[in-house]
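Quick notes on the structure that follows.
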Amino acid sequence: MQAARAEAEHARWEAEQARGVVQREAEIQRQEADRRENQLREEAKRATEAAQWEAQRQREIAAEEKRKAVEAQQAAEAAARAAAEEASRAHAAKEEAERQLREGIQPVIMPSTVDLEAARRRVGYREGYYHFAVTGIAGSGKSSLINAFRGLR
């Protein structure tokens with residue numbers, strides 16, 4: 001009986017030891033699970049913050065693009081208004097010129113100083129000389145006249 005009691009006591013002791021080992025392993029697994037859970041929470045938190053930051057950045061980019069589009073649209077509308085005004089002025093000028101032409105009024109065209117200077121350079125005009133132009137149909141003796149003036153035969 002003593003041996004049975006000792007054996008029962010030993011079995012109880014081993015059971016207690018095994019229960020302690022199982023409890024320690026369970027505690028270690030629980031701590032490991034808690035650590036993994038905390039790690040996953042931190043990763044999820046960082047991912048959420050990164051997604052929020054990226055969303056905010058995308059909203060800012062979209063707002064900037066919208067602002068640029070509105071500015072471009074306003075510029076295009078202003079250019080269209082200016083073009084329409086210019087077309088209206090040109091149309092009015094055309095109608096006025098046509099009216100004057102129908103009434104027999106010839107428009108007075110005065111060249112600008114820039115036009116005059118360009119024409120003088122083009123024909124080789126020199127101040128203090130006489131400049132003549134000779135016109136006529138082909139074979140009428142224009143070259144002969146000029147050569148006679150120059151004393152050439």
Side-chain angles (χ1 to χ4, degrees), residues 1-138 142-143:
M1 186 130 152
Q2 188 82 359
R5 222 183 268 165
E7 217 173 278
E9 194 63 34
H10 181 66
R12 215 177 300 138
W13 179 80
E14 282 181 353
E16 286 291 322
Q17 291 296 320
R19 190 169 55 107
V21 167
V22 168
Q23 285 177 346
R24 283 191 296 274
E25 287 177 1
E27 180 64 23
I28 289 170
Q29 288 177 354
R30 187 187 60 74
Q31 289 174 353
E32 182 65 25
D34 287 347
R35 186 187 62 76
R36 273 190 254 127
E37 182 181 345
N38 287 338
Q39 185 179 15
L40 289 174
R41 279 189 188 133
E42 285 298 316
E43 288 175 5
K45 182 179 175 183
R46 283 192 295 270
T48 302
E49 289 172 353
Q52 289 172 345
W53 180 83
E54 182 63 23
Q56 177 63 30
R57 191 176 72 79
Q58 290 297 327
R59 282 191 294 271
E60 290 170 358
I61 289 171
E64 178 66 19
E65 291 297 322
K66 182 179 178 183
R67 183 189 63 77
K68 288 179 182 177
V70 167
E71 286 177 359
Q73 183 178 6
Q74 289 172 347
E77 288 171 356
R81 281 192 301 276
E85 290 172 4
E86 185 65 29
S88 175
R89 282 193 294 267
H91 184 68
K94 176 186 166 214
E95 287 179 353
E96 177 63 21
E98 288 174 350
R99 183 190 64 77
Q100 288 179 353
L101 188 60
R102 279 192 306 272
E103 293 175 1
I105 301 170
Q106 295 297 316
V108 176
I109 300 174
M110 294 295 294
S112 67
T113 56
V114 173
D115 293 335
L116 286 173
E117 290 299 319
R120 285 178 179 165
R121 276 193 305 270
R122 191 173 56 247
V123 297
Y125 178 82
R126 291 191 299 184
E127 196 69 39
Y129 287 91
Y130 291 108
H131 297 273
F132 294 97
V134 179
T135 62
I137 60 173
K142 297 180 296 288
S143 297

Show me the donor-acceptor pairs within less than 3.5 Å that the side chains of residues 61-70 make with the rest of the protein, sequence neighbours left out.
| unit_1 | atom_1 | unit_2 | atom_2 | d |
| --- | --- | --- | --- | --- |
| Glu64 | OE1 | Arg67 | NE | 3.3 |
| Glu64 | OE2 | Arg67 | NH2 | 2.3 |
| Arg67 | NH1 | Glu71 | OE1 | 3.2 |
| Arg67 | NH1 | Glu71 | OE2 | 2.5 |

Only pairs under 3.5 Å count here: list side-chain donor-acceptor contacts from residues 77-89, not counting sequence neighbours, and write none if there are none.
| unit_1 | atom_1 | unit_2 | atom_2 | d |
| --- | --- | --- | --- | --- |
| Glu77 | OE2 | Gln73 | NE2 | 3.4 |
| Glu86 | OE1 | Arg89 | NH2 | 2.8 |

Original post:
Which atoms form the tightest heavy-atom contact between Lys142 and Thr135, and what is the distance?
Top reply: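 In this case the closest contact between Lys142 and Thr135 is CD-C, 3.6 Å.
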Listed partners of [X] passing side chain to side chain contact (heavy atoms under 4.5 Å, CB included), at least two apart:
{"X": "Arg122", "answer": "Ala119"}
{"X": "Thr113", "answer": "none"}
{"X": "Phe132", "answer": "Tyr130"}

Original post:
Can you name the residues that form a salt bridge (Lys or Arg N to Asp or Glu O under 4.0 Å) with Glu60, not counting sequence neighbours?
Top reply: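 Glu60 satisfies salt bridge (Lys or Arg N to Asp or Glu O under 4.0 Å) with no other residue.
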Original post:
Parallel under 30°, tilted from 30 to 60°, perpendicular over 60°: which one fits the rings of His10 and Trp13?
Top reply: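 Parallel.
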Subject >> No-hydrogen, no-angle side-chain donor-acceptor test under 3.5 Å, Gln56 and Arg59 >> reply: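 On atom types as modelled, these side chains qualify, holding a pair under 3.5 Å.
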**OP:** First locate atom CZ of Arg120, then atom NE2 of His131, and finally report the distance between them rounded to the nearest 0.5 Å.
**Re:**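 Going from CZ on Arg120 over to NE2 on His131, the span is 9.0 Å.
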**OP:** State the CG-CZ distance between Asp34 and Arg41, to the nearest 0.5 angstrom.
**Re:**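 The CG atom of Asp34 sits 8.5 Å away from the CZ atom of Arg41.
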Original post:
Residues in ring pair (Phe, Tyr, Trp, His ring centres under 6.0 Å) with His91, at least two apart?
Top reply: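 Ring pair (Phe, Tyr, Trp, His ring centres under 6.0 Å) list for His91, sorted by chain: empty.
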Subject >> Atom CZ of Arg57 with >12 non-hydrogen neighbours under 6.0 angstrom >> reply: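 Correct, the count exceeds 12.
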Name each donor-acceptor pair under 3.5 Å that joins a side chain in residues 17-28 to protein atoms two or more places apart or in another chain, with its distance.
| unit_1 | atom_1 | unit_2 | atom_2 | d |
| --- | --- | --- | --- | --- |
| Arg19 | NH2 | Glu16 | OE1 | 2.6 |
| Arg19 | NH2 | Glu16 | OE2 | 3.0 |
| Glu27 | OE1 | Arg30 | NE | 3.3 |
| Glu27 | OE1 | Arg30 | NH2 | 3.1 |
| Glu27 | OE2 | Arg30 | NH2 | 2.3 |
| Glu27 | OE2 | Gln31 | NE2 | 3.2 |

Looking at residues at least two apart in the chain, or sitting in another chain, which of them share a side-chain hydrogen bond (donor to acceptor under 3.5 Å, both in side chains) with [X]?
{"X": "Arg99", "result": "Glu96, Glu103"}
{"X": "Arg121", "result": "none"}
{"X": "Glu32", "result": "Arg35"}
{"X": "Glu49", "result": "none"}

